[in-house]
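These notes are about the structure you will find just below.
Because only heavy atoms are used, hydrogens play no part in the values below, and waters and symmetry mates are left out as well, while side chains stay in. Residue numbers count from 1 along this sequence.
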Amino acid sequence: QVQLVQSGGGRVQAGNSLTLSCVASGRTSSKYAMAWFRQAPGMERDFVAAVSWSGRNIYYADSVKGRFTVSRADVKNTVYLQMNDLRPEDTAVYHCAARNGLAIATETGEYDYWGQGTQVTVSS
């Protein structure tokens, strides 16, 4: 079992930046890919970015490409989401996720563990 604990988030004005962190604990001897999803009110949970176990493979949703950066710490159990040039449409609850295995995925059903979620609010 893996537990994911998120930190970061908050309220910012459009154009500003925020960084989210997610630390995995528990069965961290296993290898797993990690990702970020977000869910706006009344909407489905959407894929944002993912990073493979090695950190070499990274994939972004088109809506955040060029503005967000996902990275993984050397110890592998921490993943970050650096969000630049934030827009009001980025407002959502952001969740980190982990899946057993090395490769990334973009569907919620492919992830085994979820963080508690953190609110990001961007005002215009």
Side-chain angles (χ1 to χ4, degrees):
Q1 192 76 7
V2 175
Q3 294 80 41
L4 303 177
V5 177
Q6 299 176 220
S7 60
R11 179 185 293 270
V12 296
Q13 289 191 321
N16 284 346
S17 301
L18 281 174
T19 301
L20 305 181
S21 301
C22 177
V23 179
S25 62
R27 193 179 158 189
T28 54
S29 59
S30 299
K31 296 181 178 180
Y32 44 92
M34 298 185 76
W36 291 94
F37 289 77
R38 65 187 182 186
Q39 188 166 19
M43 305 294 285
E44 294 186 351
R45 191 169 295 187
D46 291 332
F47 171 78
V48 175
V51 56
S52 64
W53 165 253
S54 68
R56 289 194 290 267
N57 294 313
I58 291 175
Y59 189 73
Y60 296 99
D62 288 342
S63 58
V64 306
K65 204 173 292 183
R67 300 187 298 123
F68 289 13
T69 302
V70 63
S71 61
R72 196 155 189 165
D74 289 341
V75 295
K76 299 289 192 290
N77 67 333
T78 302
V79 66
Y80 304 97
L81 185 67
Q82 173 68 40
M83 305 183 290
N84 297 329
D85 189 24
L86 282 161
R87 304 167 181 171
E89 53 264 38
D90 295 318
T91 295
V93 175
Y94 283 71
H95 296 267
C96 70
R99 67 186 301 265
N100 294 310
L102 307 180
I104 59 177
T106 61
E107 300 293 330
T108 57
E110 295 178 282
Y111 284 84
D112 303 294
Y113 311 103
W114 291 88
Q116 79 276 19
T118 186
Q119 178 70 45
V120 171
T121 303
V122 184
S123 58
S124 57

Which pair of heavy atoms, one from C22 and one from M34, lies closest together, and at what distance?
SG-CE, 3.9 Å

Tell me, do W36 and V79 make a side-chain contact under 4.5 Å, heavy atoms counted?
yes

Pairs satisfying disulfide bond (SG atoms under 2.5 Å apart), at least one member in residues 33-67, at least two apart:
none

Any idea how F47 and F37 line up, ring-wise: parallel (<30°), tilted (30 to 60°), or perpendicular (>60°)?
perpendicular

Donor on one side chain, acceptor on other, T91 and E89, under 3.5 Å:
no

When every non-hydrogen atom of A98 is compared with those of Y111, the smallest separation belongs to C-CD2, 3.5 Å

Salt bridge (charged side-chain N to carboxylate O under 4.0 Å, His left out) filter on R67, not counting sequence neighbours, yields D90

Holding to side chain to side chain contact (heavy atoms under 4.5 Å, CB included), I want the full list of residues that pass it with E107, two or more places apart in sequence or in another chain.
E110

OG1 (T108) and CD (Q39) are apart, to the nearest 0.5 Å, by 9.5 Å

Within 45° of the axis and under 6.0 Å from the centre of the six-membered ring of W114, does NZ or CZ of R45 qualify?
yes

Output a table of donor-acceptor pairs, distance under 3.5 Å, between side-chain atoms of residues 81-88 and any protein atom two or more places apart or on a different chain; print 'none' if there are none.
| unit_1 | atom_1 | unit_2 | atom_2 | d |
| --- | --- | --- | --- | --- |
| Q82 | OE1 | T19 | OG1 | 2.4 |
| Q82 | NE2 | N84 | OD1 | 2.8 |
| N84 | OD1 | S17 | OG | 2.9 |

Minimum-distance pair of heavy atoms, taken over all atoms of S124 and A14
CA-CB, 4.3 Å

Take a 6.0 Å sphere around OH of Y59 and say whether it holds more than 12 heavy atoms from other residues, nucleotides or ligands.
no

Would you say V120 ends up clustered with V12 if hydrophobic residues are merged whenever their side chains have heavy atoms under 4.5 Å apart, either directly or through other cluster members?
yes

Is there a continuous path of hydrophobic side-chain contacts, each under 4.5 Å between heavy atoms, that joins I104 to V64?
no

Indicate whether the side chain of Y94 and that of R38 have a donor and an acceptor atom separated by less than 3.5 Å.
yes

Residue list, side chain to side chain donor-acceptor pair (under 3.5 Å) with N100, at least two apart or on another chain:
D112

Students should find that the hydrophobic cluster of V23, defined by side-chain heavy atoms under 4.5 Å apart, otherwise consists of none

Is the shortest heavy-atom distance from the side chain of K31 to the side chain of W53 under 4.5 Å?
yes

Output for pair (L4 CG, S21 OG), nearest 0.5 Å, gives 12.5 Å

Donor-acceptor pair, distance only, cut-off 3.5 Å: does the side chain of S52 make one with the backbone of N57?
yes

Using the rule that two of Ile, Leu, Val, Met, Phe, Trp, Tyr join whenever any of their side-chain heavy atoms come within less than 4.5 Å, decide whether I58 and Y80 are in one cluster.
no

Under 3.5 Å donor-acceptor, Y60 side chain and V70 backbone:
yes

Say whether, by atom type as modelled, one donor and one acceptor occur between the side chain of Q116 and the main chain of Q6 under 3.5 angstrom.
yes

